[in-house]
Visitor: 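Have a look at the structure that comes next, please.
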Amino acid sequence: MGEVGSRLENVTESAPLQPQGHQLVLVTGPSGAGRTTAINALEDLGYEVIDNLPLTLVPRLIEGPPTVQPIALGLDVRNRDFAASNLIELIDRLTRDPGVQLSVLYIDCHPAVLVQRYSETRRRHPLAPSDSPEEGVDREIDLLAPIKARADHLIDTTDLTVHGLKAEVTRWFGQGQGPSLAVSVQSFSYKRGVPRGVDMVFDCRFLRNPHWDATLRTSDGRDSQVVDFIHQDARFEEFYQKLSDIITFLLPAHLAEGRSHVSIAFGCTGGQHRSVAVAEMMADTLANAGWAVSKRHRELERRAAAGPAGPGAQPTRMDGL
């Protein structure tokens with residue numbers, strides 16, 4: 001692992017920072033060192049992220065009362081008015097402002113590794129679009145040297161993976177919190193297709209179908225009678241236990257991998273009974289285990305948005321065969 005250092009004194013890692021005004025983190029460093037990854041990690045921690053805002057506009061962000069969210073600003077040589085002297089002047093101005101709690105995060109990397117990264121991606125260096133990456137890297141390191149000397153936090157990514165960098169950002173700026181993982185749980189109908197962007201999909205169509213019970217047909221999976229009906233399926237208890245085991249096993253693994261969000265979807269024929277019931281139960285199970293969970297029922301929301309059927313309209317078969 002590369003060098004990770006901080007020049008802030010009298011700040012313990014376990015004690016959350018108490019807002020004393022606008023909380024502002026300036027993130028900079030040479031191109032290719034991992035600045036974008038760092039600001040994305042700050043966004044996952046709840047920071048409002050603004051990338052490459054012109055330096056002259058930064059003071060406007062701290063006008064008025066402190067914002068609820070801390071702010072992270074990504075600054076690099078692509079800024080139209082970027083200059084080391086301008087950024088140092090801005091840092092001095094913000095440091096003197098009693099209404100601003102400023103931290104400067106510098107993402108560093110060994111020049112040879114930066115050149116290697118540019119060679120692998122075949123991108124042009126912003127300071128040497130017509131020259132070799134080596135020349136651009138050397139120019140940028142020289143340009144940023146005074147800013148590096150003023151940084152409060154320095155993270156060297158030479159030997160860090162993307163996940164390692166995220167972990168270090170969380171360690172310094174998580175405000176006493178560990179990495180977080182947001183989990184979304186939803187139900188859907190296979191008739192309308194699998195939702196886009198989901199990470200895990202589970203098919204509930206093998207379970208006993210409440211649609212064929214006339215007293216339950218117009219209800220949905222949030223109804224206790226529907227839940228009891230599904231529980232009577234001899235396969236349900238074993239299915240749900242194994243389902244819970246695999247999901248609760250995978251979520252910490254995704255968190256350790258650096259993921260910030262995982263989406264889980266449960267499907268049945270019409271998206272009204274079985275998938276809704278299982279999604280509701282899984283959301284409760286995960287919430288009780290301490291995970292941050294949101295839930296939605298795609299087909300129920302769609303039906304509610306459509307409104308009641310007009311005169312003479314036929315009932316919609318939500319969960320039939």
Side-chain angles (χ1 to χ4, degrees), residues 4-31 33-109 126 140 143-157 160 165-180 260:
V4 179
S6 172
R7 299 186 181 90
L8 290 182
E9 298 179 354
N10 300 321
V11 177
T12 63
E13 295 180 25
S14 59
L17 295 175
Q18 299 300 319
Q20 300 292 328
H22 291 278
Q23 289 183 275
L24 185 61
V25 178
L26 301 183
V27 186
T28 191
S31 304
R35 186 186 59 83
T36 299
T37 298
I39 62 174
N40 287 341
L42 288 168
E43 186 172 27
D44 292 340
L45 291 171
Y47 282 71
E48 179 183 355
V49 169
I50 305 173
D51 197 13
N52 272 324
L53 183 72
L55 298 182
T56 54
L57 298 181
V58 174
R60 296 188 183 182
L61 293 175
I62 57 175
E63 294 177 353
T67 56
V68 175
Q69 286 180 286
I71 298 173
L73 296 182
L75 303 171
D76 65 19
V77 295
R78 295 173 298 165
N79 282 70
R80 67 187 184 195
D81 57 354
F82 186 92
S85 58
N86 291 342
L87 183 51
I88 289 175
E89 182 181 347
L90 176 64
I91 292 171
D92 289 339
R93 175 178 176 179
L94 296 175
T95 301
R96 291 192 300 266
D97 190 332
V100 177
Q101 184 178 336
L102 176 69
S103 294
V104 178
L105 170 61
Y106 191 92
I107 307 299
D108 199 15
C109 185
E140 190 172 24
L143 175 66
L144 297 177
I147 301 169
K148 178 179 177 180
R150 296 292 301 274
D152 299 303
H153 298 274
L154 185 146
I155 300 179
D156 188 332
T157 66
L160 288 180
L165 174 54
K166 289 181 178 180
E168 291 302 329
V169 172
T170 299
R171 185 163 75 92
W172 291 115
F173 297 96
Q175 301 186 3
Q177 304 171 4
S180 60
S260 60

Visitor: Where the side chain of Thr157 meets the backbone of Cys109, is there a donor-acceptor pair that is under 3.5 Å apart?
Guide: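 Between the backbone of Cys109 and the side chain of Thr157 there is no qualifying donor-acceptor contact (under 3.5 Å).
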
Visitor: Out of curiosity, Asp156 CG to Tyr106 OH, how far, rounded to the nearest 0.5 Å?
Guide: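 OH of Tyr106 is found 10.0 Å from CG of Asp156.
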
Visitor: Would Arg150 and Val104 count as a side-chain contact (heavy atoms from CB on, under 4.5 Å) if you check the C-alpha gap in whole Å, the side-chain angles of each, and the deciding distance to 0.1 Å?
Guide: CA-CA 8 Å; Arg150 296 292 301 274; Val104 178; 6.0 Å; no

Visitor: With no hydrogens and no angle check, is any side-chain donor or acceptor of Ser103 less than 3.5 Å from a backbone partner on Val25?
Guide: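 Not at all, since once roles are kept as given, no pair shorter than 3.5 Å links the two residues.
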
Visitor: Rounded to the nearest 0.5 Å, how far apart are CG of Leu26 and CD1 of Ile39?
Guide: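 Spacing of CG (Leu26) from CD1 (Ile39) equals 12.0 Å.
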
Visitor: Hey, what do you get for CG (Leu105) to CD (Glu168), rounding to the nearest 0.5 Å?
Guide: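 Rounded to the nearest 0.5 Å, the CG-CD separation comes to 11.0 Å.
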
Visitor: Taking only residues two or more places apart in sequence or in another chain, which ones pass side-chain contact (heavy atoms from CB on, under 4.5 Å) with Ser31?
Guide: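 For Ser31 the side-chain contact (heavy atoms from CB on, under 4.5 Å) partners, ignoring immediate neighbours, are Val77, Tyr118, His125, Pro126, Glu140.
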
Visitor: Provide the closest heavy-atom pair for Ala41 versus Val169 in the form atom of the first, atom of the second, distance.
Guide: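 Answer, listing the atom of Ala41 first, then Val169: CB-CG1, 3.9 Å.
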
Visitor: In Å and rounded to the nearest 0.5 Å, what is the CG to CG distance from Leu73 to Leu55?
Guide: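 One finds 9.5 Å between CG of Leu73 and CG of Leu55.
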
Visitor: Could you check whether the rings of Tyr47 and Phe173 sit parallel, tilted or perpendicular, using 30° and 60° as the cut-offs?
Guide: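 It falls in the perpendicular class, over 60°.
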
Visitor: Which pair of heavy atoms, one from Arg35 and one from Asn52, lies closest together, and at what distance?
Guide: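 Scanning both residues, the minimum pair turns out to be NH2-ND2, 4.1 Å.
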
Visitor: So how far is it from Lys166 NZ to Leu45 CG, rounded to the nearest 0.5 Å?
Guide: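 Nearest 0.5 Å value for the NZ-CG distance: 10.5 Å.
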
Visitor: How close do Leu144 and Pro30 get, heavy atom to heavy atom, and via which atoms?
Guide: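 Shortest heavy-atom separation between Leu144 and Pro30 comes out as CD1-N, 3.5 Å.
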
Visitor: For Asp92 and Arg96, run side-chain contact (heavy atoms from CB on, under 4.5 Å): C-alpha distance rounded to whole Å, both residues' side-chain angles, the deciding distance at 0.1 Å, then the answer.
Guide: CA-CA 6 Å; Asp92 289 339; Arg96 291 192 300 266; 3.6 Å; yes

Visitor: Calculate, to the nearest 0.5 Å, the distance between atoms CD1 and CD1 belonging to Ile147 and Ile88 respectively.
Guide: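 Between atom CD1 of Ile147 and atom CD1 of Ile88 there are 5.5 Å.
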
Visitor: If you look at every heavy atom in Leu75 and Thr28, which pair is closest and at what distance?
Guide: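 Heavy-atom minimum between the residues: O-OG1, 2.7 Å.
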
Visitor: How close do Asp51 and Gly74 get, heavy atom to heavy atom, and via which atoms?
Guide: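 Heavy-atom minimum between the residues: OD1-O, 3.4 Å.
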
Visitor: For His22 and Ile62, work out which heavy atoms get closest and say how close.
Guide: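 For His22 and Ile62, the tightest heavy-atom pair comes out as NE2-O, 3.2 Å.
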
Visitor: Just wondering, do Leu61 and Leu53 contact through their side chains at under 4.5 Å, heavy atoms?
Guide: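 Yes, at least one pair of side-chain atoms sits under 4.5 Å.
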
Visitor: side-chain contact (heavy atoms from CB on, under 4.5 Å) with Thr36: which residues, sequence neighbours excluded?
Guide: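 For Thr36 the side-chain contact (heavy atoms from CB on, under 4.5 Å) partners, ignoring immediate neighbours, are Asn40.
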
Visitor: Is the number of heavy atoms from other residues, nucleotides or ligands under 6.0 Å of Gln69 CD greater than 12?
Guide: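 Yes, enclosed.
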
